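This report refers to the structure that appears directly beneath it.
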There are 2 protein chains.
Amino acid sequence: MLKEPTAAPRDCAECPIRHRAVCARCESDELELLDQIKYYRSFEAGQTLIWSGDPMDFVGSVVTGIATLTQTMEDGRTQMVGLLLPSDFVGRPGRDSAAYDVVATTNIVMCCFRKKPFEEMMARTPHIAQRLLEMTLDELDAAREWMLVLGRKTAREKIASLIAIIARRDAALSIAGKRGPLVIDLPLTREAMADYLGLTLETVSRQVSALKKDGVIALEGKRRVTIPDFNRLLDEAGDDSDGGMLA
Amino acid sequence: MLKEPTAAPRDCAECPIRHRAVCARCESDELELLDQIKYYRSFEAGQTLIWSGDPMDFVGSVVTGIATLTQTMEDGRTQMVGLLLPSDFVGRPGRDSAAYDVVATTNIVMCCFRKKPFEEMMARTPHIAQRLLEMTLDELDAAREWMLVLGRKTAREKIASLIAIIARRDAALSIAGKRGPLVIDLPLTREAMADYLGLTLETVSRQVSALKKDGVIALEGKRRVTIPDFNRLLDEAGDDSDGGMLA
DNA sequence: CGAGAGCCTTGACTCAGATCAAAACGCGGG
DNA sequence: CCCGCGTTTTGATCTGAGTCAAGGCTCTCG
């Protein structure tokens with residue numbers, strides 16, 4: 001587990017999230033200003049980046065790796081409330097203590113800005129605020145879809161939904177939606193999946209096995225999933241099996 | 001059910017949501033511009049304002065009344081994903097079809113803007129975009145808290161949480177947090193509460209009765225709730241019984 | 001190679017909440 | 001005053017997911 005953290009990119013121009021992060025809409029002069037206040041931080045898998053309630057003096061974007069946003073009750077029950085992928089934004093301008101725990105699932109590199117200068121810049125640079133609004137609205141949509149999953153779906157549908165969500169995102173990244181079976185790597189442990197879906201890890205395990213037995217998915221090892229028929233999966237997820245599949 | 005819709009305010013200056021809605025940060029000159037493109041619409045309790053998937057050519061704010069945002073699966077299972085109170089914003093700039101059903105729970109008055117002019121105005125008036133960002137971030141926080149409720153709380157805790165949320169909002173409106181028992185009116189039917197909490201209406205009814213029997217709440221009629229001890233209620237909700245109670 | 005630590009799977013049993021069914025409560029209208 | 005309808009309560013029973021408890025699989029490290 002003690003690998004060297006991934007090297008940070010130096011230049012925005014070659015940043016892998018240049019066109020998806022808060023800075024996506026910035027012109028080169030704006031980018032230069034951002035460049036002056038940015039700094040990179042790396043974290044190792046398993047590390048808690050931020051503790052709920054702690055003061056937060058920075059905001060930033062995930063450059064590489066995966067992190068989770070979780071909420072915990074006093075008695076230890078936890079619910080994941082956000083999955084942070086490359087380009088996702090962490091922290092809230094205008095608030096100075098963290099509302100959730102942020103935990104690195106894999107090794108992770110973040111592009112950070114001290115909060116104060118970032119807020120000042122946001123006031124003067126509409127492109128940043130506009131992009132942040134857009135991203136926040138997307139997250140809100142995702143949160144609402146997730147609420148339907150948590151509130152009304154069965155355990156089997158929940159698992160199918162999660163796999164579909166991850167597959168959809170992967171497909172969006174690896175440009176073309178090539179035909180044929182999709183293959184994805186689950187970036188989460190069974191326990192993390194349980195925290196995501198409001199289940200126990202035993203139930204997750206059972207339902208994954210059941211989907212496998214029924215041929216909805218195939219497993220290679222514990223984490224690599226093959227989806228022979230994506231529409232079948234959507235069907236199991238209880239989703240409209242056509243919606244949202246256009247280029 | 002056929003009451004005359006509430007009369008619409010004419011002037012922004014005396015609008016009840018002037019200081020909480022999207023327009024909250026606007027200066028008087030900006031307000032004048034908004035004034036030119038705004039129009040009021042009234043809806044009756046029970047009416048569906050917007051159907052999921054329909055084209056949306058306007059956005060707007062709830063002025064008076066209550067509406068819900070709900071998502072429905074093909075087989076009829078429904079989950080409420082948003083509760084729209086006065087000052088809340090409906091619609092998403094940049095998207096042209098509705099993602100959710102919007103249903104009026106009470107008679108309702110909305111202050112609407114045609115989408116196109118509003119978007120243009122947003123691009124030129126940072127105060128609007130700023131305020132919208134702020135409101136969207138608040139909604140995202142609320143959605144995430146709600147996810148914890150849906151994913152991890154018991155039926156009893158869910159009911160207590162809902163009552164606490166409504167009480168908290170009511171207290172915020174009726175200026176001072178005066179001591180003594182809180183009295184609130186549930187703006188929702190048992191069925192709507194069930195859709196909110198991911199339960200059945202029978203379970204809602206049973207748990208409300210149980211909380212009453214245990215003296216956590218008292219009922220006057222079906223809808224009016226008295227809360228003798230707010231901390232006790234928070235305790236039943238599984239929330240930190242101190243958090244978030246400051247002025 | 002064997003021990004240990006993390007994950008993951010599987011089985012047996014329990015229980016919270018869903019489902020099915022019936023009755024009670026209000027309330028507006030004739 | 002009674003009727004009818006929408007809402008709510010209450011009861012009996014069922015069941016999906018939680019809980020508790022073993023084991024199994026794969027690494028890494030000694």
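For clarity, every value in this text was computed on a predicted model and none was experimentally measured. Letters go in sequence order (proteins before strands), and every chain restarts at 1.
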Any B:Asp195 side-chain heavy atom under 4.5 Å of B:Thr70 side chain | no
Going by heavy atoms in the side chains, are B:Leu211 and B:Val208 under 4.5 Å from each other?
-> no
May I ask you to evaluate whether [X] reaches the phosphate of [N], defined as a side-chain N or O under 4.0 Å from OP1 or OP2?
X: A:Thr154; N: D:dG16; answer: no
X: A:Thr200; N: D:dT19; answer: no
X: B:Arg223; N: D:dT8; answer: yes
X: A:Arg190; N: C:dT9; answer: yes

Rounded to whole Å, how long is the line connecting atom [atom1] of [X] with atom [atom2] of [N]?
X: A:Lys213; N: C:dT9; atom1: NZ; atom2: C1'; result: 14 Å
X: A:Asp195; N: C:dC7; atom1: CG; atom2: P; result: 13 Å
X: B:Lys158; N: C:dA18; atom1: NZ; atom2: C1'; result: 12 Å
X: B:Glu220; N: C:dG26; atom1: CD; atom2: C1'; result: 15 Å
X: B:Leu199; N: C:dT19; atom1: CG; atom2: P; result: 11 Å
X: B:Leu150; N: C:dG17; atom1: CG; atom2: C1'; result: 15 Å
X: A:Gln207; N: C:dT10; atom1: CD; atom2: P; result: 12 Å
X: B:Leu219; N: D:dT7; atom1: CG; atom2: P; result: 18 Å

Which residue lies more 5' along DNA chain C, comparing B:Lys153 with A:Ser209 via nearest heavy atoms | A:Ser209
Given that A:Glu191 and A:Arg152 both sit by DNA chain C, which one's nearest nucleotide is further toward the 5' end?
-> A:Glu191
Could you tell me the separation between the CZ atom of A:Arg152 and the CG atom of B:Leu150, rounded to the nearest 0.5 Å?
-> 9.0 Å
With sugar-phosphate meaning primed atoms plus P, OP1 and OP2, does [X] contact a base, only sugar-phosphate, or nothing at under 4.0 Å between heavy atoms?
X: A:Leu201; result: nothing
X: B:Gly198; result: sugar-phosphate
X: A:Ser205; result: base
X: A:Arg156; result: nothing
X: B:Thr189; result: sugar-phosphate

Side chain of B:Thr203 only, please: which of C:dG17, D:dC20, D:dA17 is the nearest?
-> C:dG17
Name the closest nucleotide to the B:Lys222 side chain, picking from D:dT8, C:dA21, D:dA17.
-> D:dT8
Does A:Arg206 make a side-chain donor-acceptor contact with the base of C:dG11, cut-off 3.5 Å?
-> yes
Got a donor-acceptor pair under 3.5 Å from the side chain of A:Glu202 to the base of C:dC8?
-> no
Between A:Arg232 and A:Glu236, does at least one N-O distance fall below 4.0 Å, as a salt bridge requires?
-> yes
Could A:Arg95 and B:Asp138 be called an ion pair, given the rule that one side-chain N must be under 4.0 Å from one carboxylate O?
-> no
Check: B:Asp229 side chain, B:Asn231 main-chain N or O, donor-acceptor pair, under 3.5 Å = yes
